[in-house]
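Working notes for the structure below.
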Protein chains: 2
Amino acid sequence: MQKFKEILKPLLDETYSKELKRGDYLYHMGDDPKGIFYIEEGLVGLFHLSESAKESFLRVFSEGFILGHRSLFAEEPYHASSIALSKTTYKFIPKGLCSSLCKQHPEFLKAVAMTLAKDLRAAELRIAGLASHSAQERIAETLVYLKLKYPQQVWTRKEIAEYSGSTFESVTRLMSKLEEEGAIHKSGRDFEILNMKALLNLKH
Amino acid sequence: MQKFKEILKPLLDETYSKELKRGDYLYHMGDDPKGIFYIEEGLVGLFHLSESAKESFLRVFSEGFILGHRSLFAEEPYHASSIALSKTTYKFIPKGLCSSLCKQHPEFLKAVAMTLAKDLRAAELRIAGLASHSAQERIAETLVYLKLKYPQQVWTRKEIAEYSGSTFESVTRLMSKLEEEGAIHKSGRDFEILNMKALLNLKH
DNA sequence: CGATAGATTGAGAGTTTTCAACCGATGTGG
DNA sequence: CCACATCGGTTGAAAACTCTCAATCTATCG
């Protein structure tokens, strides 16, 4: 899955990197894609904002991954905004370059298709989870997912809520309960997982 | 989007069609993909079954579309089962043929990537909708989506519920209310939409 | 016409959200 | 380096929506 690094290497060496601090936007929901973004360092989140001003946290991108490719390949405007979750450096690959890349390096197109296919599975499993798991189960699963996959990141209760499809108050409440039960340990705004089994065996 | 028909035409003319009746499986969740399926006629649904036996209705496939491609391109087992929703005829394209197709007709790979990209958008908008819309709003949106896009199909309350992330009792209840309000008209097990605006402006 | 799958309606339970008030951490500018 | 502003976190209580369970009814099809 980290194929993008090697495929894009020659291209990326020629362009300069851009820097972002936490909270900066890479692109906005509704904009038309002009190319794709390659993350060299840091973490980026994809967020959808509903008419009722509710945010959903859709995907996380880390070093070595691309973003913006979904809209480009679908030939659609961005359906969500991407925002740096930490200090981030990235490179921009314009649309035209992507096209020639697809022609000259079919393995790039193949890697994009594979990424899309894996992300589609993940998204559809989340749809199923939203319908079949309780809010508490989803929050616990999200704690495990976000913390195990991105341990260095200090996730806010709000981000955890927006990823799990819940509210930050419910996240806080569950985390307090989980700490009492010894499943996690809170330290400042961060936390660590002490008993993963317990987290994944919550019933409600 | 209906590109598959023309791209696959020469290939498909050489193979024989298979028939399915409502309820038959094309493939089962967990199986390894051995190729992709091209729908010549009919309707197929993709369903995920959770540990707690709750079904989620993930995607619909109609004439001219392919299925099974997500798992093949992700190199993963099927994450859901595909089931005929009506009398269906399809053709099977084995894995090996797909590979050579990708090499010789890059537009096929491109069409697959585009389909995956569009489906990923749809799935992520559903995630956002599950978090930000009430069950009633989601059910109403599902009535509009399923009935306008596939008007010939008689959708069961259960299917509508599994698509909207709700229960069939809630679907029944809302449909009764919507009929009272004149937004839909129920006839037998089928229904028709009388006032789409009203359906999409539900608040709860 | 009978069997079966699907639909309806009611009542009650329960999780989760919402609203509100308050607390604690973090970071910046004077 | 302190003060203060701001952002993030905690906890409580009440409201509300949806689900669950149950009983009954109605289409549809062989």
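We name chains A, B, ... by the order of the sequence lines, and we start the count at 1 in each one.
- With hydrogens and angles ignored, no donor-acceptor pair closer than 3.5 Å exists between the side chain of B/Q136 and the base of D/dC17.
- The ring of A/F37 has its center no closer than 6.0 angstrom to the ring center of A/F61.
- Using cut-offs of 30° and 60° on the angle between ring planes, the pair A/Y150 and A/Y145 is perpendicular.
- No hydrogens or angles were tested; on distance alone, nothing pairs the side chain of A/R173 with the base of D/dG9 as donor and acceptor under 3.5 Å.
- Going from atom CG of B/L178 over to atom C1' of C/dA7 covers 16 Å, rounded to whole Å.
- Taking both residues in full, the closest heavy atoms of B/L199 and B/A183 are given as CD2-CB, 3.9 Å, listed atom of the first, atom of the second, then distance.
- With rounding to the nearest 0.5 angstrom, the CD atom of A/E141 is 10.5 Å from the CG atom of A/L125.
- Here the side chain of A/E169 is nearest to one of D/dC21, C/dA7, C/dA20, namely C/dA20.
- Each of A/I139 and A/G188 was assigned the nucleotide of DNA chain C with the nearest heavy atom; the assignment lying further toward the 5' end belongs to A/I139.
- Between the side chain of A/R157 and the backbone N or O of A/T172 there is no donor-acceptor pair closer than 3.5 Å.
- In this structure, A/S166 does not reach the C/dT16 phosphate: none of its side-chain N or O atoms is under 4.0 Å from OP1 or OP2.
- Within the nucleic acid shown, B/T172 comes within 4.0 Å of at least one base atom, counting heavy atoms only.
- Rounded to an integer number of Å, the gap from A/R189 CZ to C/dT26 C1' is 6 Å.
- For the pair B/E179 CD and C/dT9 C1', the computed distance is 15 Å after rounding to whole Å.
- The side chain of A/S134 approaches C/dT16 more closely than any other nucleotide in the set C/dT16, C/dA7, D/dG9.
- The interatomic distance linking A/F191 (CZ) with C/dA25 (P) rounds to 18 Å, in whole Å.
- Look at CZ on A/R22: it is 13 Å from P on C/dT26, rounded to the nearest Å.
- The salt bridge (Lys or Arg N to Asp or Glu O under 4.0 Å) test with B/E124 is passed by exactly one of A/R126, A/R59, A/R70: A/R59.
- Across all strands, A/K186 comes closer than 4.0 Å only to sugar-phosphate atoms, never to a base (heavy-atom distances).
- Counting to the nearest Å, the P atom of C/dG6 and the CG atom of B/L85 are 12 Å from each other.
- In this structure, CD1 of A/I160 is placed 10 Å from P of D/dT10, rounded to the nearest angstrom.
- Under 3.5 Å, the side chains of B/K186 and B/S176 contain a donor-acceptor pair of N or O atoms.
- By the 30° and 60° cut-offs, the orientation of the rings of A/F73 relative to A/F108 is tilted.
- An OP1 or OP2 oxygen of C/dT18 is reached within less than 4.0 angstrom by no side-chain nitrogen or oxygen of A/T167.
- Of the candidate nucleotides C/dT17, C/dT9, C/dA7, C/dT17 has the atom lying nearest to any side-chain atom of A/S170.
- We find that NZ of B/K177 is positioned 15 Å from P of C/dT8, with the value rounded to whole Å.
- The end-to-end axis angle of the helix from C/dC1-D/dG30 to C/dG30-D/dC1, rounded to 10 degrees and based on five pairs per end, is 50°.
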